[in-house]
Structures are given as structure tokens and as C-alpha cells.
Amino acid sequence: QVQLVESGGGLVLAGGSLRLSCAASGSIFSINTMGWYRQAPGEQRELVAIILSGGSTNYADSVKGRFTISRDNAKNTVYLEMNSLKPEDTAVYYCSAAAKSYRYSNWRNYWGQGTQVTVSS
């Protein structure tokens, strides 16, 4: 199976920065798209950013120009650099990856457990 573990969350002041990391491990055959999602209390989970295996990216309008998603394929790791953070960025951030394992030949979407990001004013 495939496991995703996020790290790098924490408490920061508005205008500050955080860098999230998500490392995939397990019996991985291949990984395609990776992404970051977030969920604030009482709200639905929303897409923040995605990155394809070739490096193409897409961002939610609310984070364009402030967040940067990147990946290191050799490490099976995706990153989210968050700058100019705002209180409305406060949420649990989840890592996601579309991957194939040696056990399952079909593409499946895997999720991490989430990491809390809190931005205070």
C-alpha cells in the first residue's frame, strides 16, 4: 500500500511563511498527480494546488501568487511553499497522490492524515 505523511504545519503570524512537505512511502509502482487540499472547520475540503508528474501546476485563485507547489520525484515528495499567509488560510492541509502500487494495478487516490496550519492576525 501507499502512505502519505505531511509535515511542516504550525502557527504563524499573518504575512509569515510555512513550507509543507508530504512524503509518499510503501509499495509504490508509480505516482502521477500530487496535490494539496485544505479543510477549515465547518467547511468542505477544497483544492489548493496540484502538480503533474511532468511539473505542470494549477492553483486555486485564492492562493495564486502566494503559494508554490513543487515535487521531488526521486524522493516521492511534494512541497507547498506558503508565503504572505492570511488568517483565512487557516485549515488542516492534506496531501494527495494518484498512485499505483505493486498490489493494486489501477490508479488510486491516496490521502495523508493532514497537518494543521494556523495563521493569526
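Given the structure is predicted, the values throughout are model-derived calculations rather than measurements. Residue indices begin at 1 and follow the sequence shown.
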Can you establish whether the number of heavy atoms outside Gln1 located under 6.0 Å from its atom CD is more than 12?
-> no
Here the salt bridge (charged side-chain N to carboxylate O under 4.0 Å, His left out) pairs for residues 15-24, sequence neighbours left out, are Arg19-Glu81
Return the set of residues passing side chain to side chain contact (heavy atoms under 4.5 Å, CB included) with Thr57 (not counting sequence neighbours), or none when no residue passes.
-> Ile51, Tyr59, Ile69
Qualifying salt bridge (charged side-chain N to carboxylate O under 4.0 Å, His left out) pairs, either residue in residues 94-114, two or more places apart = none
Considering all heavy atoms, the nearest Ala91-Ala40 contact | CB-N, 3.8 Å
Here the ring pair (Phe, Tyr, Trp, His ring centres under 6.0 Å) pairs for residues 94-121, sequence neighbours left out, are Phe29-Tyr102, Tyr37-Trp111
For the atom pair CG (Leu11) and OG (Ser120), what is the distance rounded to the nearest 0.5 Å?
-> 5.0 Å
Sequence neighbours excluded, every pair satisfying salt bridge (charged side-chain N to carboxylate O under 4.0 Å, His left out) that has a member inside residues 65-79 | Arg66-Asp89
Would you call Glu6 and Cys95 a side-chain contact if the rule is heavy atoms closer than 4.5 Å?
-> yes
Does Ser84 have any side-chain hydrogen bond (donor to acceptor under 3.5 Å, both in side chains) partners at least two apart in sequence or in another chain, and if so, which?
-> none
Set of side chain to side chain contact (heavy atoms under 4.5 Å, CB included) partners for Ala97, sequence neighbours left out | Leu4, Ile31, Met34
Please list, chain by chain and in numerical order, all residues satisfying side chain to side chain contact (heavy atoms under 4.5 Å, CB included) with Val117, sequence neighbours excluded.
-> Leu18, Leu20, Met82, Tyr93, Val119
So ring pair (Phe, Tyr, Trp, His ring centres under 6.0 Å) across residues 65-90, not counting sequence neighbours, yields none
Sequence neighbours left out, what passes side-chain hydrogen bond (donor to acceptor under 3.5 Å, both in side chains) with Thr118? Give chain and number order.
-> Gln116
More than 12 foreign heavy atoms under 6.0 Å from CD of Gln44: is that the case here?
-> no
To the nearest 0.5 Å, atom OG of Ser121 lies from atom CG of Leu85 at 13.0 Å
Salt bridge (charged side-chain N to carboxylate O under 4.0 Å, His left out) partners of residues 46-60, not counting sequence neighbours, each pair once = Arg38-Glu46
Would you say the side chain of Asn73 lies within less than 4.5 Å of the side chain of Asn76, judging by non-hydrogen atoms?
-> no
Sequence-distant partners of Asn109, side-chain hydrogen bond (donor to acceptor under 3.5 Å, both in side chains), two or more places apart | Ser96
Does Val92 share a hydrophobic cluster with Val63, counting links as ILVMFWY side-chain heavy atoms below 4.5 Å and allowing steps through other members?
-> no
